[in-house]
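Working notes for the structure below.
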Amino acid sequence: MENKSLKQIIANRHEKLDKIRQLGVNPYPYEFNITHSTLEITKDCIDQNVSVAGRVMSLRRMGKAAFANIQDEKGRVQLYIARDDVGEDNYNLFKLVDIGDFIGIDGIVFITKTEAITVKAEKVTILSKNLRPIPDVKEKDGEKYNSVSDKELRYRKRYLDMIINPETKDNYITRFKMINSIREFLNKNGYIEVETPVLQPVYGGANAKPFKTFHNALDQEFFLRIATELYLKQLIVGGFEKVYEMSKDFRNEGIDRSHNPEFTMLEFYQAYSDYNFMMDFVEEMLKKIAEDLDVKKISWDGNDIDLTKKFARKTMDELIKEHTGHSIDLTDIKAVFDVCKKLDLKVKKTDSLAKMIDEIMRRKVEPNLINPTYVMNHPVEISPLAKVNRDGDTDFTERFELFIAGMEFANGFSELNDPIDQRKRFEDQSAKKNSGDEEAFPVDENFLEAIEIGMPPTAGVGIGIDRLVMLFIDTRWIRDAIIFPTLKSLK
RNA sequence: GCCGACGUAGCUCAAUGGUAGAGCAGGGGCCUUUUAAGCCCUUGGUUGUAGGUUCGAGUCCUUCCGUCGGUACCA
């Protein structure tokens, strides 16, 4: 795997490591006292004594003196190391420094002939010896040369990506701030954060293929959760009135630019409220996030999105009429089928009504929902945990999905709390599963028993956190939002 | 899953089917205000893998591995 060229470089670094030790210096010392980060070295610091540390990213040696640039978490600063300033012994030690090493510098800030703010070293300390080369990226006028273009390397070795492309870190800082903002919002509103099992004996709460695993001592199969819904609702049964969980969920499905097998989901449930309340609440939450991140308009994938305006709320039949021009009775399967055909959609006569409606929504409506839009009132068949409409239309549910820039960001509903109806819905799911629908979920008797004990009227929402990050960092790739995305192992 | 593209030195890239190259990094020199530092010299390759076609394969064909893009699934 490692060929001669790389071996040669590594062997050379090991030799230098030995030489450092022979000089009586520990190449991996325990601490270094820093007075300034690289970005804190400014004109105001001129003539001041400072101590800075970071990874050596470039070296320009000129015999008895050298310039170097070190990089820390926030940025870079230039160093000037001259033999006559640091002394012969320290300069000999500095000769053993490579690009990639961590070093610490005690020195004085000055400005070079070319007006670059620079730390003139009085002492160089090796903080960690690099034994494996990092790609050497040159930069001029903000343009990078020899930058790593191999995406595989960037994903497999994210640390290299972060070293070479420090702006990569910004995505994860935004992610951190966003999650903080969400927690703040929910906590402020009286929510309790809980943790429910990742290992579940029966999976449910979403339609997805699960990962299976096995507990040896219990001699029992478990599933990695595909959702937290059924546990969180049990907590509402138990007496909590506002709960949330920020969870890693796992779905054993295809990987593409907006799907990763493990992903982060926020689910929250509030007793005594319905989906209308939750639409307001989610809207308020997103506006707060945008405010906390200081974002007013989002330019995402070429679309300008205005988060400050009121989110649109439209039922499926309204949206279908608006985007296809066809006004149809969504309970009339023949009418829906005919419209599908007129729209050139791939549907079969044997498909279910829900599938046909979904096909229209997915192909003709959702891609056009650029500014935030709540899609409401989904067919009951594809909403097994949602209450049917209160106006008596039992084919459709009090459910909403939030679309922004053609992508789904949230899914919520007035939670079904009628135990008898809920059992029937589970049985429908189970029947589908038995007839080959791999994404249908099985009957969860424990959950049904809890619902029989009684759950108050409740509304709940799930929000895909990774996708929300994608929105705020302006990327179409979930791999930019997940720091270590799932990749196939090399054999 | 399907379709397509790609895989050459540590990194970025060359090479009509005809001797595998360059820049940077690495090594040896010179060089005390450079910044893609510069100048001289220099090491480094089973061209992802295994086969095949051919006098001759980085290049053409097939297998496998991996990545990317699209598509399907993921309401």
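Hydrogens, waters and symmetry mates play no part in the numbers below; they use all other heavy atoms, side chains included. Letters go in sequence order (proteins before strands), and every chain restarts at 1.
- Remark: B:rG66 base-pairs with B:rC6; criterion is Watson-Crick or G-U wobble with both hydrogen-bond distances under 3.5 Å.
- Judged by distance alone, with hydrogens and angles left aside, A:Asn146 brings a side-chain donor or acceptor within reach of the base of B:rG23, the pair sitting under 3.5 Å.
- An OP1 or OP2 oxygen of B:rU34 is reached within less than 4.0 angstrom by no side-chain nitrogen or oxygen of A:Thr114.
- Within the 4.0 Å cut-off from OP1 or OP2 of B:rU67, not a single side-chain nitrogen or oxygen of A:Lys151 is found.
- A search for ring-ring contact (aromatic ring centres under 6.0 Å, His included) contacts involving A:Phe263 returns nothing, not counting sequence neighbours.
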Item to complete: Take nucleotides 3-8 of chain B nucleotide by nucleotide from the 5' end and write B, S or -, depending on whether a protein heavy atom sits under 4.0 Å from the base, only from the sugar-phosphate, or from neither.
Response: ------

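- In this model, a side-chain donor or acceptor of A:Asp256 finds a partner on the base of B:rC73 within 3.5 Å.
- Residue A:Arg154 places none of its side-chain N or O atoms closer than 4.0 Å to OP1 or OP2 of B:rU67.
- With sequence neighbours excluded, no residue forms a ring-ring contact (aromatic ring centres under 6.0 Å, His included) with A:Phe403.
- Side-chain N/O atoms of A:Lys138 include one lying less than 4.0 angstrom from OP1 or OP2 on B:rA37.
- Residues meeting the ring-ring contact (aromatic ring centres under 6.0 Å, His included) test with A:Phe441, sequence neighbours left out: A:Phe426.
- The aromatic rings of A:Tyr374 and A:Phe400 stand perpendicular to each other, their planes meeting at an angle above 60°, with 30° marking the opposite boundary.
- Taking 4.0 angstrom as the limit, A:Arg399 places none of its side-chain polar atoms (N or O) nearer than this to OP1 or OP2 of B:rA75.
- When the side-chain nitrogen and oxygen atoms of A:Asn207 are compared with OP1 and OP2 of B:rA75, none of them lie within a distance under 4.0 Å.
- A heavy atom closer than 4.0 Å to some atom of RNA chain B occurs in A:Asp358, A:Arg362, A:Arg363, these being the qualifying members of residues 357-372 of chain A.
- Rounded to whole Å, the separation between the C1' atoms of B:rC41 and B:rA57 comes to 34 Å.
- Within the 4.0 Å cut-off from OP1 or OP2 of B:rU34, not a single side-chain nitrogen or oxygen of A:Thr112 is found.
- Within residues 46-82 of chain A, the residues approaching RNA chain B are A:Arg60, A:Arg61, A:Met62, A:Gly63, A:Lys64, A:Ala65, A:Phe67, A:Gln78, A:Tyr80, A:Ala82, by heavy-atom distance under 4.0 Å.
- Taking the side chain as every heavy atom from C-beta outward, A:Ile357 and A:His378 never approach each other to under 4.5 Å.
- A side-chain hydrogen bond (donor to acceptor under 3.5 Å, both in side chains) with A:Thr228 is found for one member of A:Lys233, A:Lys248, A:Gln200, A:Glu267 and no other, namely A:Glu267.
- Nucleic acid contact for A:Phe110: base, since at least one base atom lies under 4.0 Å from a heavy atom of the residue.
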